[in-house]
Amino acid sequence: MPRLSVVVPVRRVRGSLRECLNSVLSQSFADFEIIGVADGSPDGSGQLLDEIAAGDPRVHAVHLAEPAGSDGRRTAGAERAKGDYLLFLEATHILLPGALQRIADRLRAAQDPDLLLFGHARTPFRGTPQPSRSLQLLKEMGGTEVCTLADRPELLGVAAVSWNRAVRREFHEAGQLSFAPGLYGDRTYALGTLTTAGSVAALPVPCVEHRQQRYVPELAEPEDTVRPVDVVEQFGELFGTLQGEPGFHAVHAPLFDLVAKELLETYTTVTRRRAYVRAVAAFHRDHRPREYRAPGGLAALRLRLLTGGRAARLRALDAALATRRGLLAVTPALRKRLARRLSPLHYRLQRLLPLNRKLAVYSAYWNRGVSCNPAAIQRKAAELAPHVRGVWVVSQKAAAELPPGIDHVVPGTRRYWAVMARATYFFSNVNFPNQVVKRRGQIHVMTHHGTPLKVMGVGQHWYPAAAQGLNFKDLLRRVDRWDLSLSSNPHSTECWASAYPSAVRHLETGYPRNDVLVDAEPERIRAVRESLSVRPGQRAVLYAPTFRDYERTFTSRLDLERVADALGEDTVLLVRAHYFHDDSGLATHPGIIDVSGHPWAEELYLAADALVTDYSSAMFDYANLDRPIVVHAPDWETYRAVRGVCFDLLSGAPGDTPGAVTRTTDELIRVFSDGTWDNEANRELRAAFRSRFCAFDDGRAAERVVRHVLLGEELLPVTPPAKRHQAAVLRQAHGTAPEGALSAAGRPSP
């Protein structure tokens, strides 16, 4: 039997669960088990739990048949625990290094107390860890004393939560205390165990990092929705249970004072205040100790009105206090009013009109033109939902280069504001501007524009070069407009959930722009190559490096002219600088074609026999074609340290590294000269990489999005990789089969 059982409730925690469990699995102390309890989390948290459990026998995945609420998940985990002590860890928090060893050592030194309270660090959202008040109280108690709450009533000041304590399992099972429903349903359990414990020890060091969340998923869960009146009743049930416990009289007054203050604070958040006031008054009547004295000052007056059932007088007092606060805040209010007047008047007037249910807005890459996932969605919408008219938002420069027939608007024009005010559907691979106001009924779909290798969203806070003055507050306001977020693989879903914390629903549809890579036929590939002036039989190598936030201009990490000379005229280099760079600055060379201005990256992928890239998301899309990928990474250590990454691209582990890795121009030349670029070892790496990052790209992503968003249909299931149509892969050069010789499966003949 393990010494410690760590119970982790799992629901809507896709973005944080892996880090949470890894913080336990990486502990130096090894005598523990993890019991993760999921109850049908709609964001795929349960599947992620299964994946982690399959890779480590210390993790046990429990799946409940019905949604059980936070209390049910904790209870189910405790019932299955086998350890001497129970620890309840929230999936949004982490255990700090060495925590379990310190807990085990303190339990042994205290001779197995009923309860061990340990410290925690509190990390505000987008902040740095800070010592908690609870930790300070535990330090004042010292690290050697074993006591009871009656001996140390100040322990009531330690946060009443389940995740800052180790509870002896036999003590837990013998007690009458249970978790209550609701977001804070562990408070009654925490207070009850502290009150009834026959021995309490303290560990005055931080063991848990309490990471405050911007968005609390449980607030959206019906089974976790508890009325404030119910909270009052929960406290009443707790006091009723404790009445007969030995020593309760000694702690009755301080415990009641703590609860009374909390109920007073809760009053300000209540909507049905009359019922709440009556419930609090009844609680005071039934459970107030004789010697209880209310605190002094304004708090005492408000508490007397609350406990006396004086709802009308309390409401009048609060109104007077609110008026006073409003007068003090008049200057900031005026500033906000002036700022609102800067919004286009036409836009405000248009927002008074009904939404147009047959109008969709599309945008890509900060209005640079028609491309990427939004373009693929619009093409499929024209086929499946022609009644929904699409309008593109493009810059003045991009508008001049659009092909005929593309309905579009330029930002700032009267029609732009009208379209933004009245459209129902919005598709973009980046955010719309701050000035855009999302109306009730409008649906925003964030399509993204790649699978993340680099750290994104709020994670950039820790990388100043990546943040570049990014206003995270504005970013999160924009994120709050999202209703749906597209993903092409489980890794992306997990990263998006962590990088952009919000109420957005993640759709694991695949990336619509990749449909063409899955469905491409030989004729299409030949046509693309011909349009790029790639000769028949010539090997085309696409070089597509990413943008570095700490550089201003395009800098090739390769001596491209030397590469072209070394590989000879049978190979042509297609060089594509990142779209943030206006000028690639490439020298003229017969073996180099500058494709930086080509509007469709997908066509370049189809044309290329191999991809050379550094840290660009191009590698994840290109992997759909099952063609060689070479990672040229001369500055990986710098990029990883300055930009931040989600996984180790150069680890060489299956699923991390897509193929050969080079560091110098000479190494790259050798890889393409001796056949390493497409040898058996790198084909195996590529297969594992495709399995991980092309999981949902089955050629029907755009159809999946259009049917679900525009037509209101259920999401189409993703076709398993083994049953997918394999895109025809032409052996353009350096192969034994003539061009176009394909096997029945669409692969080149051996």
Side-chain angles (χ1 to χ4, degrees), residues 1-7 24 27 29-33 35 74-75 77-79 81-89 95-96 98-120 132-179 186-208 238 241-242 244-252 254-255 258:
M1 287 177 20
R3 179 62 166 162
L4 305 175
S5 292
V6 183
V7 177
V24 184
Q27 293 283 315
F29 181 83
D31 191 12
F32 67 85
E33 64 174 353
I35 303 172
R74 294 190 188 101
T75 299
E79 289 174 348
K82 298 178 181 178
D84 297 329
Y85 279 85
L86 302 175
L87 282 77
F88 299 93
L89 181 64
L95 275 184
L96 295 172
L100 292 188
Q101 186 64 62
R102 294 188 183 96
I103 291 171
D105 291 345
R106 183 68 185 107
L107 290 173
R108 184 177 62 253
Q111 300 181 351
D112 286 6
D114 288 340
L115 187 67
L116 172 67
L117 301 175
F118 45 78
H120 70 275
S132 62
R133 180 172 177 270
S134 298
L135 180 60
Q136 185 58 39
L137 288 171
L138 294 177
K139 287 180 177 179
E140 293 173 1
M141 177 178 171
T144 58
E145 181 181 357
V146 177
C147 62
T148 65
L149 180 60
D151 301 324
R152 289 276 194 170
E154 63 268 27
L155 288 177
L156 286 171
V158 175
V161 291
S162 60
W163 44 262
N164 64 355
R165 59 199 63 207
V167 183
R168 190 164 59 86
R169 183 166 59 87
E170 292 180 354
F171 166 64
H172 167 87
E173 293 172 348
Q176 304 178 39
L177 299 164
S178 61
F179 294 99
D186 61 343
R187 288 186 64 77
T188 53
Y189 175 80
L191 292 172
T193 53
L194 178 60
T195 303
T196 58
S199 53
V200 181
L203 178 59
V205 296
C207 294
V208 172
L238 172 65
T241 302
L242 297 176
E245 293 290 331
F248 173 67
H249 176 74
V251 298
H252 187 179
L255 181 61
L258 175 72

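In what follows, residues are counted from 1 in the order of the sequence shown.
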Practice prompt. First locate atom CG of Leu87, then atom CG of Leu4, and finally report the distance between them rounded to the nearest 0.5 Å.
Written response: 5.5 Å
Fill in: Sequence-distant partners of Val205, side-chain contact (heavy atoms from CB on, under 4.5 Å), two or more places apart
Arg102, Leu203, Cys207
Item to complete: Answer yes or no on whether Arg74 is positioned over the face of Phe88, meaning its NZ or CZ is under 6.0 Å from the six-membered ring centre and within 45° of the axis.
Response: no
Discussion item. Just verifying a value: how many Å separate Glu245 CD and Gln176 CD, rounded to the nearest 0.5 Å?
Written reply: 6.5 Å
Fill in: Leu89 vs Val7, side-chain contact (heavy atoms from CB on, under 4.5 Å): CA-CA, chis, key distance, verdict
CA-CA 6 Å; Leu89 181 64; Val7 177; over 6 Å; no
Discussion item. Please find the pair of heavy atoms, one from Gly83 and one from Glu33, that lie closest to each other, and give the distance.
Written reply: N-OE2, 3.6 Å
Worksheet entry | Reported CG-to-CG distance for the pair Leu149 and Leu255, which is rounded to 0.5 angstrom | 7.5 Å
Item to complete: With sequence neighbours excluded, tell me which residues meet side-chain contact (heavy atoms from CB on, under 4.5 Å) with Gln101.
Response: Ser28, Phe29, Asp105
Practice prompt. Under the side-chain hydrogen bond (donor to acceptor under 3.5 Å, both in side chains) rule, collect the residues that match up with Tyr85, sequence neighbours excluded.
Written response: none
Item to complete: Under the side-chain hydrogen bond (donor to acceptor under 3.5 Å, both in side chains) rule, collect the residues that match up with Gln27, sequence neighbours excluded.
Response: none
Tabulate below the donor-acceptor pairs under 3.5 Å that side-chain atoms of residues 155-164 make, not counting sequence neighbours, or state none.
{"residue": "Ser162", "atom": "OG", "partner": "Asp186", "partner atom": "OD2", "Å": "3.1"}
{"residue": "Asn164", "atom": "ND2", "partner": "Ala159", "partner atom": "O", "Å": "2.9"}

Worksheet, complete the sentence: Sorted by chain and residue number, the side-chain hydrogen bond (donor to acceptor under 3.5 Å, both in side chains) partners of Gln136 (sequence neighbours excluded) come out as none
Fill in: Pairs meeting criterion side-chain hydrogen bond (donor to acceptor under 3.5 Å, both in side chains) with involvement of residues 188-207, two or more places apart
His172-Tyr189
Discussion item. Test of understanding: with salt bridge (charged side-chain N to carboxylate O under 4.0 Å, His left out), list the residues that count as partners of Asp151, not counting sequence neighbours.
Written reply: none
Worksheet item: Closest heavy-atom contact between Arg169 and Met1?
Response: NH2-CE, 3.5 Å
Worksheet, complete the sentence: When rounded to the nearest 0.5 Å, the distance separating CD1 of Ile103 from CZ of Phe32 is 11.5 Å
Item to complete: Specify the closest pair of heavy atoms between His120 and Ser132, including all atoms of both residues, with the distance to one decimal.
Response: O-OG, 2.8 Å
Worksheet item: Rounded to the nearest 0.5 Å, what separation is found between the CG atom of Leu135 and the CG atom of Leu117?
Response: 12.0 Å
Practice prompt. For residues 158-168, pull every pair meeting salt bridge (Lys or Arg N to Asp or Glu O under 4.0 Å), keeping only residues two or more places apart or in separate chains.
Written response: Asp114-Arg168, Arg168-Glu170
Discussion item. Can you tell me how far apart CG (Leu242) and CG (Leu177) are? Round to the nearest 0.5 Å.
Written reply: 6.0 Å
Worksheet item: Taking only residues two or more places apart in sequence, or in another chain, which ones meet Arg187 in a salt bridge (charged side-chain N to carboxylate O under 4.0 Å, His left out)?
Response: Glu262
Discussion item. If you define the side chain from C-beta out and look only at heavy atoms, does anything of Leu238 sit under 4.5 Å from Leu191?
Written reply: yes
Fill in: Closest heavy-atom pair and its distance - Leu86, Ala81
CD2-CB, 3.4 Å
Worksheet item: What residues, two or more places apart in sequence or in another chain, satisfy side-chain contact (heavy atoms from CB on, under 4.5 Å) together with Ala202?
Response: Leu138, Met141
Worksheet item: Got a sec, which residues hit ring-ring contact (aromatic ring centres under 6.0 Å, His included) with His252, two or more places apart in sequence or on another chain?
Response: Phe239, Phe248
Worksheet, complete the sentence: Nearest heavy-atom approach of Glu145 to Arg152 is OE1-NH2, 2.9 Å
Practice prompt. Start with the C-alpha gap between Glu140 and Leu137, add the side-chain angles, then the distance that decides, and say whether side-chain contact (heavy atoms from CB on, under 4.5 Å) holds.
Written response: CA-CA 5 Å; Glu140 293 173 1; Leu137 288 171; 4.0 Å; yes
Response to the item:
Here the pair of heavy atoms bringing Ala201 nearest to Val146 is CB-CG2, 4.4 Å
